[in-house]
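Step one of this worksheet: look at the structure below.
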Amino acid sequence: MSAGQRPGDHAQVPSQAQVPSHVAVIMDGNGRWAQLRGFPRQEGHRRGLEALRRTVKNAADLGIEFLTLYSFSTENWRRPATEVSFLMGLLRRFVEKDLAELDASNVRVRIIGGRSDLAPDLRMLVEHAEAMTRDNTGMTLVIAFNYGSRDEITRVARQLAADAAAGRIAPDAIDEAAISARLDTAEMPDPQLVIRTSGETRISNFLLWQAAYAEFVFTPVLWPDFDRAALEEALAEYRRRERRFGGLSEPTDRSVGAA
Ligand code: FPP
């Protein structure tokens with residue numbers, strides 16, 4: 001490591017050729033993983049947290065700059081109260097136990113999703129994690145928690161309407177950039193690759209705006225079994241698709257007039 005460099009700095013990663021800068025994952029299949037083994041669903045989530053930790057390390061290692069993980073959706077509130085509170089507890093535990101190590105690994109943590117429904121202590125924990133790691137220069141780990149795209153876009157619409165009503169923005173000035181800049185993902189690149197585990201092939205209200213031009217890879221692997229080989233296989237599938245664009249277009253150029 002040369003002077004001034006920190007662990008995980010992107011300059012240190014030998015070759016990032018065709019590694020998407022932003023990978024987003026719908027972590028699905030915890031319940032089925034547990035059911036198949038006769039375990040309670042909670043065990044599936046616990047093992048899901050281990051897969052999450054593993055994936056953070058592997059992604060940083062492979063030179064991914066932004067990793068977004070869908071950990072709790074706005075629809076997940078409909079699950080039994082015991083499961084909801086278990087998932088809240090897992091986030092709490094993750095932040096409490098892993099923050100120091102993430103910080104030491106130069107990972108920047110961001111949480112996207114509605115904050116107002118979270119318990120005050122959890123909100124404070126999340127704010128603390130973001131503040132503590134704000135200046136880190138390695139991978140950005142984005143935890144989507146109490147996240148739903150429709151909710152996110154609705155919050156932006158409400159804010160823009162209020163700004164317009166107060167004369168702070170002219171309706172004509174509301175363009176795509178004005179919306180992107182107010183999303184929870186402001187200042188992050190759009191994901192180029194979205195992975196969903198467990199064989200389901202839905203987007204489930206995840207990054208609807210941001211993933212407009214993303215590649216989707218669906219793998220039958222259940223989330224608790226997601227390992228380095230599964231991540232590398234998804235990246236290989238992404239590269240195969242990129243090659244088919246054969247010099248006509250760079251992955252990041254597809255936002256304008258492309259399909
Ligand atoms: C989907 O599996 C997974 C979730 C709803 C939760 C994802 C949570 C984790 C991976 C670990 C928790 C980590 C944090 C930081 C909170 P499912 O329960 O829908 O599985 P199923 O479709 O097989 O029932």
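We count ligands from 1, going down the list as the structure has it; atoms in each ligand are counted the same way.
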Which residue and heavy atom of the protein sit nearest atom 22 (O) of ligand 1, plus the separation: R32 NH2, 3.0 Å

Selected option - heavy-atom contact closest to atom 17 (P) of ligand 1, from R79, E50, R93: R79

Contacting atoms of ligand 1, where contact means under 4.0 angstrom from a heavy atom of R41: 17 (P), 18 (O), 24 (O)

Heavy atoms from other residues, nucleotides or ligands near CZ of R150 exceed 12 (cutoff 6.0 Å): no

Exceeds 12 heavy-atom contacts within 6.0 angstrom, atom CD of Q159: yes

Within-shell test, W223 vs ligand 1, heavy atom, strictly < 4.0 Å: yes

Those atoms of ligand 1 less than 4.0 Å from some heavy atom in G31: 17 (P), 18 (O), 20 (O), 21 (P), 23 (O), 24 (O)

W33 and ligand 1 - part of the residue with a heavy-atom distance under 4.0 Å: neither

Euclidean distance, R47 CZ relative to N30 CG, rounded to 0.5 Å: 11.0 Å

Whether Y70 and F206 hold their rings parallel, tilted or perpendicular, with breakpoints at 30° and 60°: parallel

Part of E200 within contact of ligand 1 (heavy atoms, under 4.0 Å): neither

Contact check, L49 vs ligand 1, heavy-atom distance below 4.0 Å: yes

Test item: D103 side-chain N/O and T133 main-chain N/O as donor-acceptor pair under 3.5 Å: no

Close approach of S198 to ligand 1, heavy atoms, under 4.0 angstrom: no

Identity and separation of the nearest protein heavy atom to atom 12 (C) of ligand 1: L90 CD1, 3.6 Å

Selection from V25, N76, I26, I143 by shortest heavy-atom distance to atom 5 (C) of ligand 1: N76

Protein contact of atom 7 (C) of ligand 1 - nearest heavy atom, named by residue and atom, plus distance: S71 O, 3.6 Å

Identity and separation of the nearest protein heavy atom to atom 1 (C) of ligand 1: M27 O, 3.2 Å

Derivation of the side-chain hydrogen bond (donor to acceptor under 3.5 Å, both in side chains) call for S180 and W209: CA-CA 8 Å; S180 291; W209 175 280; 3.1 Å; yes

Euclidean distance, M88 CE relative to L118 CG, rounded to 0.5 Å: 6.0 Å

For H45, atoms of ligand 1 separated by under 4.0 Å from a heavy atom: 11 (C), 18 (O)

Per atom 9 (C) of ligand 1, closest listed option by heavy atom (N30, T197, L91): N30

Separation between CZ of F145 and CG of L90, rounded to the nearest 0.5 Å: 8.5 Å

Test applied, ring pair (Phe, Tyr, Trp, His ring centres under 6.0 Å); reference residue, F72; option that passes from Y147, W77, F86: W77

Ionic contact status for R240 with E215, cut-off 4.0 Å: no

